[in-house]
There are 2 protein chains.
Amino acid sequence: ILVLNDVFKRYKMGEQYVNALDGVSLEIERGEYIAIMGPSGSGKSTMMNILGFLDLPDNGEYIFDGQKITGMSESDLAFARNRRVGFVFQTFNLLSRETALENVELPMIYSGISKAKRYKRAKKLLEMVGLEERMNHRPNELSGGERQRVAIARALVNEPDIVLADEPTGNLDSKTGTEIMSILDNLNEQGKNVILVTHDPEIAEHSNRIVHIRDGKIIGEEKK
Amino acid sequence: ILVLNDVFKRYKMGEQYVNALDGVSLEIERGEYIAIMGPSGSGKSTMMNILGFLDLPDNGEYIFDGQKITGMSESDLAFARNRRVGFVFQTFNLLSRETALENVELPMIYSGISKAKRYKRAKKLLEMVGLEERMNHRPNELSGGERQRVAIARALVNEPDIVLADEPTGNLDSKTGTEIMSILDNLNEQGKNVILVTHDPEIAEHSNRIVHIRDGKIIGEEKK
Ligand SMILES: Nc1ncnc2c1ncn2[C@@H]1O[C@H](COP(=O)(O)OP(=O)(O)OP(=O)(O)O)[C@@H](O)[C@H]1O
Ligand SMILES: Nc1ncnc2c1ncn2[C@@H]1O[C@H](COP(=O)(O)OP(=O)(O)OP(=O)(O)O)[C@@H](O)[C@H]1O
Ligand SMILES: [Mg+2]
Ligand SMILES: [Mg+2]
């Protein structure tokens, strides 16, 4: 359902170009559980941003559910970004003036859910990631791993069918990391796509397919 | 040379208090290599901020090189913070409008080093962490692991005798992480203190003493 077709992403730096993605082709089927691994700077987050409709390729195509995204209307793109996909960012990207609870409620405002339902669902997700006692803290009143968990809760709140998680356990101790991985494993067992970037081979083992990237190119894959 | 003496750190949240540090006592000798481990939210970064002069205890004392820091002059504190200690932050804390090179040069401006020498030293450190080709990128033009490496280079630029590294390899693939750990191991072999927070037991193995923290208290230690 997600197809990258010879995708390029370049950044112009003075006289030179940085080829963040250098001809990437990838097909992801419904329900697949994928881990993306590769060196720092190899293009993983860039690829995730394109998959999550946060960025566009310079060349090549991104085809979502059979439709080229360059052909999609603004409202279809917005719907896909807000309802079909849940994104856990590598740098969390929380709103600094809002509490953990408000940050998790936010995606539901765009999908027109009532205030009472938003509160209930956001609270439930924060409990699921072990943050019930930190709901009213703002990001600067939270530890690194607590912010990461707010970002995870927020990504799951609209029940997306595709979860994109960019190094979701990087700031977590192994016990908390294991709890987060159970949540992701569970979502995949329910039929949802989980695509995670990780540097940790033990985390990658949860997937059924590992994609290796280097210098903006896919260099290999492992399937279970 | 670093002593925390029954240190407390509390945050008031409405009617309640969060006890980020709940009676912490710790003695660190010259040249020790220490790893601090514990669950997300257990107080590790809070403790590091006190050790690095970025925060003060609410109760108890921090004694640096035999001197209570509450008795230190502003200029002595500033000198210790800028020249004696190098800090790698969990969330990097780079200046977003400056390039990688400028971010690494910054601590040397405060220590009165000439422009030519600053450039040369900053460049050398960025090469050491594998970022020579990214020197002129700003933080938003860098990957997560590249930002982390800029933060590491910046922490080392004034040749501190104490390095505080809060999860320094969290965003790095294992090869790049190994390179960073060699840099830290090397600094310790030269006689410098290295104190790192990590969730990764393999990283903690580089130290010769592991301190375990939970709920703002030290609950145990392991010595090699
Ligand atoms: N400004 C603040 N106001 C209220 N609570 C705070 C504040 N800063 C930190 N805390 C709380 O203090 C506790 C300890 O925070 P700290 O950042 O030291 O944890 P940590 O051990 O570094 O966690 P992690 O491994 O997730 O980075 C956390 O539970 C956090 O919510
Ligand atoms: N806006 C930009 N301008 C210039 N170069 C950029 C920009 N954004 C990213 N890059 C470069 O593109 C490359 C790929 O970045 P990306 O964030 O995708 O890497 P990554 O694989 O996620 O790395 P990490 O594991 O460190 O997070 C990096 O070398 C980075 O320096
Ligand atoms: Mg990345
Ligand atoms: Mg921390």
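What you see is a predicted model, and the numbers here were worked out from it, not measured in a lab.
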Q | Backbone of Leu172(A) reached by a side-chain donor or acceptor of Glu167(B) within 3.5 Å | A | no

Q: Count the heavy-atom pairs under 4.5 Å between each of Lys175(B), Met37(B), Arg149(B) and chain A, then report the option with the highest count.
A: Arg149(B)

Q: Anything in residues 8-27 of chain A with a heavy-atom distance to chain B below 4.5 Å? Please list those residues in order.
A: Met13(A), Val18(A)

Q) By number, which residues in residues 209-224 of chain B have some heavy atom less than 4.5 Å away from chain A? A) none

**Q.** Tyr62(A) and Phe64(A) aromatic ring geometry - parallel, tilted or perpendicular at 30°/60° bounds
**A.** perpendicular

Q) For the atom pair CD1 (Ile195(B)) and CD1 (Ile28(B)), what is the distance rounded to the nearest 0.5 Å? A) 4.0 Å

Q.
Are the side chains of Ile180(A) and Val129(A) in contact, using a 4.5 Å heavy-atom criterion?
A. yes

**Q.** Heavy-atom side-chain proximity of Asn171(B) to Phe92(B) below 4.5 angstrom
**A.** yes

Q.
When you compare the side chain of Pro107(A) with that of Asn82(A), does any pair of heavy atoms fall below 4.5 Å?
A. yes

Q) With a 4.5 Å limit on heavy-atom distance, are the side chains of Glu105(A) and Glu102(A) in contact? A) yes

Q.
Within this structure, what is the CG-OH distance for the pair Asn208(B) and Tyr33(B), rounded to the nearest 0.5 Å?
A. 9.0 Å

Q.
Could you measure the distance from the CD atom of Glu61(A) to the OG1 atom of Thr70(A)? Nearest 0.5 Å is fine.
A. 3.5 Å

Q: Please round to the nearest 0.5 Å and tell me the distance separating atom NZ of Lys123(B) and atom CG of Leu101(B).
A: 9.0 Å

Q. Is the shortest heavy-atom distance from the side chain of Leu156(A) to the side chain of Met128(A) under 4.5 Å?
A. yes

Q) Ignoring hydrogens and geometry, is there a side-chain-to-backbone donor-acceptor pair from Asn103(A) to Leu95(A) under 3.5 Å? A) yes

Q.
I want to check something: taking the side chain as every heavy atom from C-beta on, are Leu77(B) and Glu74(B) in contact at a cut-off of under 4.5 Å?
A. yes

Q. Is there any residue in residues 130-147 of chain A with a non-hydrogen atom under 4.5 Å from a non-hydrogen atom of chain B, and which ones are they?
A. Arg134(A), Asn136(A), His137(A), Glu141(A), Ser143(A), Gly144(A), Gly145(A), Glu146(A), Arg147(A)

Q. Hey, which residues of residues 38-58 of chain A are touching chain B, say heavy atoms under 4.5 Å apart?
A. Gly38(A), Pro39(A), Ser40(A), Gly41(A)

Q. Roughly how far, to the nearest 0.5 Å, is the CD atom of Gln148(A) from the OG1 atom of Thr176(A)?
A. 10.5 Å

Q: Evaluate the side-chain proximity of Tyr110(B) to Asn158(B): yes if any heavy-atom separation is below 4.5 Å, no if none is.
A: no

**Q.** More than 12 heavy atoms of other groups within 6.0 Å of Glu127(B) CD
**A.** yes

Q. Is there side-chain contact between Met181(A) and Leu196(A), with at least one heavy-atom pair below 4.5 Å?
A. yes

